[in-house]
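Everything on this sheet refers to the single structure shown next.
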Amino acid sequence: MSAQEKEEITIDKIFKSGQLRAKSIRSIRSMDDGNHYTTLEDGKSIVKYSYKTGKQVAVLASVNNFGDAQISTIDDYEINSKAGKILFYTNRQDVYRRSFYAKYYVWDIANQKLEAIENGDMLQMAILSPDGTKVAFIRDNNLYVSNFDKTTQVTTDGTFNKIINGIPDWVYEEEFEYNKALCWSVDSRYVAWCRFDETLVPQYSLQLFAGQAPKLEKNKLYPSNYSYKYPKAGEDNSIVSVWTYNANNQKVTKMDIGTETDQYIPRIKWSPAGKLVIYRLNRLQNHLEMLYANADNGKTEVFYSEKNDRYIDEILFDNLTFNADGSKFLFTNEQNGWVHIYLYNADGTLINQVTNGNFDVTEFYGYDEGTQTIYYQSAEPKPSQRTVYSIKTDGSAKKQLSTQVGTNEAYFSSNCKFYINNYSSTSTPNIYTLNDNKGKTLRTLEDNANLKNELAQTTFSAKELIDVKLSDSLTLCGWIIKPHNFDSTKKYPVLMIQYSGPNSQQVLDRYSAGWEQALSAKGYIVLCCDGRGTGARGEEFRKCTYLQLGKYEVQDQISVAKWAKTLPFVDAERIGIWGWSFGGFMVLNCMTQSTNVFRAGIAVAPVTNWRYYDNIYTERFMRKPQDNAAGYDNNSPITHAANLNGSLLLMHGSADDNVHWQNSAEMSEAFVQAGKQFDYFVFTNRNHSIYGGNTSHYIYTKMLNFIMNKL
């Protein structure tokens with residue numbers, strides 16, 4: 001098929017038809033025996049497969065077997081193989097990014113019996129005990145425990161915008177990236193939970209209108225307000241305490257986490273030895289301690305302590321892994337300048353460093369105690385790639401398991417004998433294979449061959465990975481997309497895409513097909529570079545932006561634009577830049593801190609001064625504004641509004657609970673008072689992701705039209 005005959009990729013094909021979306025295997029769960037796994041198929045059936053043969057063994061649960069329960073879909077599930085039960089939920093209604101209400105059920109596989117938790121009422125975070133005899137859940141900010149015959153209300157002080165039991169408050173959920181603050185002990189005797197006292201946290205209000213999708217009839221004439229606790233940089237946080245409930249004798253015990261209340265408790269979990277592990281992090285987020293707690297008397301002792309000159313990133317917190325008897329544990333940290341795995345005795349004494357080298361470990365997958373083997377993912381051989389490895393706990397016998405160059409993500413069986421590998425590259429849609437723990441491919445589960453054939457019939461243009469040398473000491477990782485009918489003798493306009501936030505990466509050797517393909521189809525070159533502060537290049541590269549978010553990142557994007565202008569096939573007068581959230585913050589700074597570099601820019605849901613954003617994220621990188629006023633204000637685009645250069649489109653959701661519309665409201669006022677013309681659009685009742693109804697299609701169509709008119 002000639003280039004002229006190829007089907008043009010449009011916004012419709014990307015966002016309405018989903019034509020470019022790769023098929024995936026949804027909700028993979030390894031069963032406890034390590035020989036079988038389950039998947040959720042079509043949202044209706046939980047199906048059991050054999051790792052060894054790849055064949056379907058059984059349908060463990062199906063909406064067709066639920067009788068009069070009138071359940072049409074399963075949203076997600078957790079399987080308890082030993083108890084022979086499945087806890088699942090349906091009718092999910094999101095609250096914020098990770099929190100939600102849902103109807104929870106327990107399915108007894110052997111007896112084919114369905115149990116509705118609390119008669120199918122809308123609850124939060126129901127969790128099944130390891131022995132399958134009890135379930136803990138949250139209702140109206142209070143903790144309950146049920147044995148399916150009788151429900152016990154454990155707490156009674158839960159109050160909206162004041163006291164939360166068992167689920168994190170808004171800022172913990174968003175920035176420590178979890179949605180449940182409760183867990184069962186391994187022997188099913190205790191439930192541990194965090195209690196959040198939000199009393200001192202300032203309140204923020206969102207105004208909600210009638211809208212259309214969904215239509216809020218009660219707001220038809222008079223808008224309503226939704227108020228919630230949101231601690232901005234420098235403001236008070238919730239005071240968090242940790243408690244246990246003994247399900248045998250109903251005893252409630254408070255854990256001793258010290259007298260300091262201006263601190264964070266970002267995780268709790270149980271060790272196999274029956275001790276509760278409590279993470280304690282100081283307000284500056286540069287000193288992490290882990291404590292063992294006695295569930296009966298609340299006494300605690302510190303067993304692990306780590307300090308950092310700048311900050312400790314929360315992405316490492318979930319990598320804590322104990323051996324079977326709790327006598328040793330594995331954890332990741334950056335003590336040698338890169339993220340690596342370390343082996344410790346239970347008392348926190350270091351045994352040895354496991355992985356080593358100038359690369360970051362990016363995922364910890366599992367530990368086989370029998371063979372003393374660890375399985376992990378790292379950014380090798382390049383920061384833009386991901387490879388799966390195994391290694392012995394003493395650091396020997398490192399073996400590369402994934403062989404294809406690109407991005408490999410593994411889902412290991414509970415005994416680490418098998419794994420499902422999700423591979424893709426810039427030119428290859430996702431391929432799911434089943435492999436043994438030596439890396440041998442046993443079978444292909446999904447190859448997306450049809451999608452690959454379809455792409456060949458369209459104007460799809462794969463990303464080309466490039467290195468952009470800005471100086472002798474600074475080379476950035478990047479990608480470039482050229483129009484499918486690219487002619488090196490012509491000159492093309494360029495739109496730069498970036499996010500640029502701390503430890504993020506946009507430049508990865510993996511398949512994706514977003515609106516950049518619609519831009520390419522219209523004759524635009526699309527360029528992306530990860531500047532300083534982004535991930536997978538070691539601690540110094542990642543943390544050099546500390547105390548001054550927006551300084552080096554903006555310098556780098558401006559330098560990339562100037563580099564692009566020197567390319568023989570680029571129209572040097574037609575360079576644009578686009579970004580969302582942190583990326584929108586970057587767009588505004590780039591267009592107010594450079595002259596005649598960017599002809600057009602689009603900023604969506606941007607932060608415009610870090611004083612307006614939440615304290616956990618912001619203070620991690622900036623400390624409090626009281627201690628770093630210049631770092632906040634010198635790098636705020638509001639400070640530089642009078643220097644806006646080029647055509648700008650500013651957009652925001654009016655009900656953004658994350659990056660408040662306040663950011664764009666204050667930015668727009670600064671532009672108005674400075675006499676700077678710009679385009680401004682607000683999406684009614686939309687949150688930070690600006691989706692729902694026709695909104696996604698609308699916003700990308702609007703952006704494409706703006707670029708075609710202004711660039």
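Atoms considered below: every heavy atom in the structure, side chains included; atoms not considered: hydrogens, waters and symmetry mates.
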Practice task
Tell me, with the steps shown, if Ile86 and Asn80 meet side chain to side chain contact (heavy atoms under 4.5 Å, CB included).
Solution key: CA-CA 6 Å; Ile86 299 172; Asn80 186 323; over 6 Å; no
Exercise for the section: Take Asn658 and Trp170, measure what side chain to side chain contact (heavy atoms under 4.5 Å, CB included) needs, and give me the verdict at the end. Expected result: CA-CA 9 Å; Asn658 185 0; Trp170 186 94; 3.5 Å; yes
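For the salt bridge (charged side-chain N to carboxylate O under 4.0 Å, His left out) test, no residue two or more places apart in sequence or in another chain qualifies with Lys113. For Ser424, the side chain to side chain contact (heavy atoms under 4.5 Å, CB included) partners at least two apart in sequence or on another chain are Asn430, Arg510, Tyr511. Annotation: side-chain hydrogen bond (donor to acceptor under 3.5 Å, both in side chains) contacts of Asp368 (sequence neighbours excluded): Thr371, Lys417. Under the side-chain hydrogen bond (donor to acceptor under 3.5 Å, both in side chains) criterion, Asp121 pairs with Arg139, not counting sequence neighbours. Every residue was checked against the salt bridge (charged side-chain N to carboxylate O under 4.0 Å, His left out) condition with Asp325, not counting sequence neighbours, and none meets it. Residues passing the side-chain hydrogen bond (donor to acceptor under 3.5 Å, both in side chains) test with Ser146 are Thr151, sequence neighbours excluded. For Ser581, the side chain to side chain contact (heavy atoms under 4.5 Å, CB included) test picks out Tyr499, Val659, His688, with sequence neighbours left out. Annotation: side-chain hydrogen bond (donor to acceptor under 3.5 Å, both in side chains) contacts of Ser271 (sequence neighbours excluded): none. Remark: Arg443 engages no residue in a salt bridge (charged side-chain N to carboxylate O under 4.0 Å, His left out) (not counting sequence neighbours). Contacts of Asp360 classified as salt bridge (charged side-chain N to carboxylate O under 4.0 Å, His left out), with partners at least two apart in sequence or in another chain: Arg542.
Residue pairs satisfying the side-chain hydrogen bond (donor to acceptor under 3.5 Å, both in side chains) criterion with at least one member in residues 175-184, sequence neighbours excluded, are listed as follows: Glu175-Tyr613.
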For residues 126-133, which side-chain donor-acceptor pairs fall under 3.5 Å, sequence neighbours excluded?
unit_1, atom_1, unit_2, atom_2, d
Ser129, OG, Asp131, OD1, 2.7
Ser129, OG, Gly132, N, 3.4
Ser129, OG, Thr133, N, 3.3
Ser129, OG, Lys134, N, 3.1
Ser129, OG, Lys134, O, 3.2
Asp131, OD1, Thr133, N, 3.0
Asp131, OD1, Thr133, OG1, 2.8
Asp131, OD1, Ser188, OG, 3.4
Asp131, OD2, Thr133, OG1, 3.2

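A distance-only check finds no donor-acceptor pair linking the side chain of Ser62 to the backbone of Asn65 [under 3.5 Å]. Asp108 places no side-chain N or O within 3.5 Å of a backbone atom of Gln112 that could act as its donor or acceptor partner.
Side-chain contact of Lys392 with Thr373: a donor-acceptor pair under 3.5 Å is present, judged by distance alone.
No side-chain heavy atom of Lys44 sits less than 4.5 Å from a side-chain heavy atom of Ile74. Between Arg29 and Asp76, some side-chain heavy-atom pair lies under the 4.5 Å cut-off.
By the neighbour-count criterion of 12 heavy atoms within 6.0 Å, atom CZ of Arg92 is densely surrounded, having more than that number from other residues, nucleotides or ligands. The number of heavy atoms from other shown groups lying within 6.0 Å of CZ (Phe66) is above 12.
In summary, Lys13 and Glu7 engage in a salt bridge, as defined by a charged side-chain N under 4.0 Å from a carboxylate O. Checked for salt-bridge contact, Glu174 and Arg97 meet the test: a charged N lies under 4.0 Å from a carboxylate O.
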